[in-house]
Amino acid sequence: MEYHDPKRKSNFVGKILMAAALTAVCIIMLKQSPTFGTPSQFSRHEEGVTHVLVTGGAGYIGSHAALRLLKESYRVTIVDNLSRGNIGAVKVLQELFPEPGRLQFIYADLGDAKVVNKIFSENAFDAVIHFAAVAYVGESTLDPLKYYHNITSNTLVVLEAMAAHGVNTLIYSSTCATYGEPEKMPITEETPQASKLGFMRSYFLNFLFEANKLKDQPLSTCFQAKKMAEDIILDFSKNSDMAVMILRYFNVIGSDPEGRLGEAPRPELREHGRISGACFDAARGIMPGLKVKGTDYNTHDGTCIRDYIDVTDLVDAHVKALQKAQPSKVGIYNVGTGKGRSVKEFVEACKKATGVDIKVDYLPRRPGDYAEVFSDPTKIRRELNWTAQHTDLEESLKTAWRWQKAHRDGYGAS
């Protein structure tokens with residue numbers, strides 16, 4: 001037989017009353033707080049402050065752009081799913097700019113339209129700089145659908161959210177490779193882009209190349225996806241008052257001159273990464289040597305020729321584009337030095353910058369690579385007053401090498 005203890009009931013009721021009283025006190029204290037009910041600084045427009053959403057802001061280029069924007073007193077929101085970016089880069093920025101209302105980080109995937117719409121509904125953005133994208137030529141030929149989703153589809157999601165929430169300035173991070181391999185150099189903004197027929201042809205050639213080892217070099221899926229994203233933006237802009245700037249830039253090198261940020265790609269993606277990262281890995285002994293793919297191109301030394309742009313100059317171009325963007329106008333600009341350097345020349349500069357006699361293995365061509373690509377920067381100089389300042393290849397590599405030596409585990413240790 002169960003015995004009912006009235007004292008136990010009394011104690012239980014007392015605990016409930018005590019909890020209710022404490023909750024009431026907390027609510028009263030919160031309401032008396034001067035910040036209670038005050039919307040976040042990120043959720044409201046503020047006169048004299050431009051709030052920029054930087055997609056992919058935890059990545060190599062995006063983090064450098066966020067740093068520059070913060071130094072220029074912009075309000076910055078970084079959205080990144082960290083599939084390629086580094087939370088360590090975000091932490092560096094947070095430590096440099098700890099003041100309320102300066103910087104916030106949102107972990108999110110741009111492929112989730114509901115999440116993206118929620119981000120736009122909760123934040124008062126004035127502009128978007130869209131960096132977020134996977135961007136490895138070799139990987140894109142192996143997994144093309146991933147690149148179409150990540151680059152083309154995600155850009156569409158961002159554009160739809162901007163239109164729905166009245167965000168009318170877009171700076172789009174594109175690539176010079178949308179031109180394909182033009183017959184004439186240097187590349188100007190009037191150079192015809194690769195045709196849709198050419199893209200379709202190259203899509204099938206990617207698979208044929210792997211099956212039959214064809215000598216024909218197809219266009220990379222990465223570049224096709226970028227071109228499609230550009231087409232979407234341009235089609236939308238025809239009936240919109242959105243200010244659009246599309247920056248087609250070349251091969252990015254270097255790092256923050258003050259050593260705060262650098263490039264730290266995922267170790268599993270080393271074989272697909274930039275040549276500068278491969279050089280540094282070889283110089284540090286992480287890799288046994290450097291693999292140069294392609295020595296039979298129609299160039300002065302047989303290796304590919306590229307226009308290498310320092311990341312500091314690149315983010316300067318983005319900021320100038322943001323400042324010059326005008327409603328109902330579209331600006332398209334090539335961002336480069338105007339000078340091509342061969343892969344062999346790059347390797348020699350890297351040897352000098354690191355002080356290491358890097359071992360080099362010469363291999364067959366890689367699918368999707370072009371023989372010669374460099375820019376004519378006349379238009380961006382004339383209209384945006386932008387000119388590359390860091391044009392000494394060896395100096396840019398020295399700057400990046402200092403960061404690499406000081407951060408042997410990337411952002412994991414310093």
Side-chain angles (χ1 to χ4, degrees), residues 59-61 64 84 133-142 175-177 181 217 220 222-223 249-255 262-297 299-314 335-337 339-375 388 390-405 410:
Y60 169 45
I61 301 171
H64 282 78
R84 299 294 162 90
V134 285
Y136 291 121
V137 173
E139 184 190 36
S140 74
T141 62
L142 299 174
T175 170
C176 67
E181 187 171 14
Q217 297 297 306
S220 164
C222 174
F223 306 147
Y249 50 84
F250 292 67
N251 293 57
V252 189
I253 59 172
S255 64
E263 183 177 15
R266 294 282 185 270
E268 65 271 18
L269 293 169
R270 279 196 168 97
E271 64 178 295
H272 300 302
R274 306 176 202 276
I275 185 175
S276 56
C279 280
F280 295 147
D281 284 346
R284 290 170 54 189
I286 295 174
M287 305 294 286
L290 180 66
K291 297 177 181 179
V292 173
K293 297 181 179 181
T295 58
D296 59 347
Y297 289 97
T299 61
H300 69 273
D301 62 16
T303 61
C304 295
I305 290 177
R306 295 290 182 267
D307 190 339
Y308 296 98
I309 180 75
D310 192 287
V311 68
T312 300
D313 286 329
L314 180 59
V335 188
T337 65
K339 181 179 181 181
R341 305 289 294 273
S342 76
V343 170
K344 283 186 178 179
E345 290 172 333
F346 186 96
V347 172
E348 290 306 310
C350 195
K351 288 180 179 181
K352 292 178 181 178
T354 62
V356 178
D357 187 17
I358 300 167
K359 178 180 179 292
V360 182
D361 293 322
Y362 295 98
L363 304 174
R365 296 184 185 189
R366 179 176 64 175
D369 277 343
Y370 314 136
E372 187 176 24
V373 177
F374 63 96
S375 72
H390 301 80
T391 58
D392 187 315
L393 187 57
E394 187 178 331
E395 284 302 314
S396 290
L397 291 172
K398 280 182 180 179
T399 301
W401 177 239
R402 283 195 295 271
W403 191 88
Q404 292 286 328
K405 287 196 299 181

Val292: which of Ile275, Leu363, Asp361, Val343 passes side chain to side chain contact (heavy atoms under 4.5 Å, CB included):
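Of Ile275, Leu363, Asp361, Val343, side chain to side chain contact (heavy atoms under 4.5 Å, CB included) with Val292 is met by Val343 alone.
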
Determine whether a donor-acceptor pair (N or O, by modelled atom type, separation under 3.5 Å) exists between the side chain of Asp281 and the backbone of Ile286.
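Pair absent, no side-chain N/O of Asp281 close to backbone of Ile286.
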
Could you tell me whether the side chain of Tyr308 and the main chain of Lys339 form a donor-acceptor pair under 3.5 Å?
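No, Tyr308 side chain to Lys339 backbone: no donor-acceptor pair under 3.5 Å.
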
What distance separates [X] [atom1] from [Y] [atom2], expressed to the nearest 0.5 Å?
X: Asn251; Y: Asp310; atom1: CG; atom2: CG; answer: 13.0 Å
X: Ile253; Y: Glu395; atom1: CD1; atom2: CD; answer: 11.0 Å
X: Glu345; Y: His300; atom1: CD; atom2: NE2; answer: 4.0 Å
X: Glu394; Y: Thr354; atom1: CD; atom2: OG1; answer: 9.5 Å
X: Trp403; Y: Glu263; atom1: CH2; atom2: CD; answer: 8.5 Å
X: His64; Y: Ser255; atom1: NE2; atom2: OG; answer: 5.0 Å

[X] to [Y] - nearest heavy-atom pair and separation:
X: Thr337; Y: Ala388; answer: CG2-CB, 4.1 Å
X: Trp401; Y: Ala283; answer: CH2-CB, 3.7 Å
X: Ala278; Y: Leu290; answer: CB-CD1, 3.5 Å
X: Thr295; Y: Tyr362; answer: CG2-CD2, 3.3 Å
X: Asp313; Y: His390; answer: OD2-N, 2.8 Å

Taking salt bridge (Lys or Arg N to Asp or Glu O under 4.0 Å) as the test, write out the residues that go with Glu372, two or more places apart.
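Not a single residue meets the salt bridge (Lys or Arg N to Asp or Glu O under 4.0 Å) criterion with Glu372.
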
Should Arg274 and Tyr60 be marked as a side-chain contact (heavy atoms from CB on, under 4.5 Å) after you check the CA-CA gap, both sets of side-chain angles, and the distance that decides it?
CA-CA 11 Å; Arg274 306 176 202 276; Tyr60 169 45; 3.6 Å; yes

Is there a side-chain contact between [X] and [Y] (heavy atoms, below 4.5 Å)?
X: Leu397; Y: Ser276; value: yes
X: Val373; Y: Asp307; value: no
X: Phe374; Y: Arg341; value: no
X: Cys350; Y: Phe280; value: yes

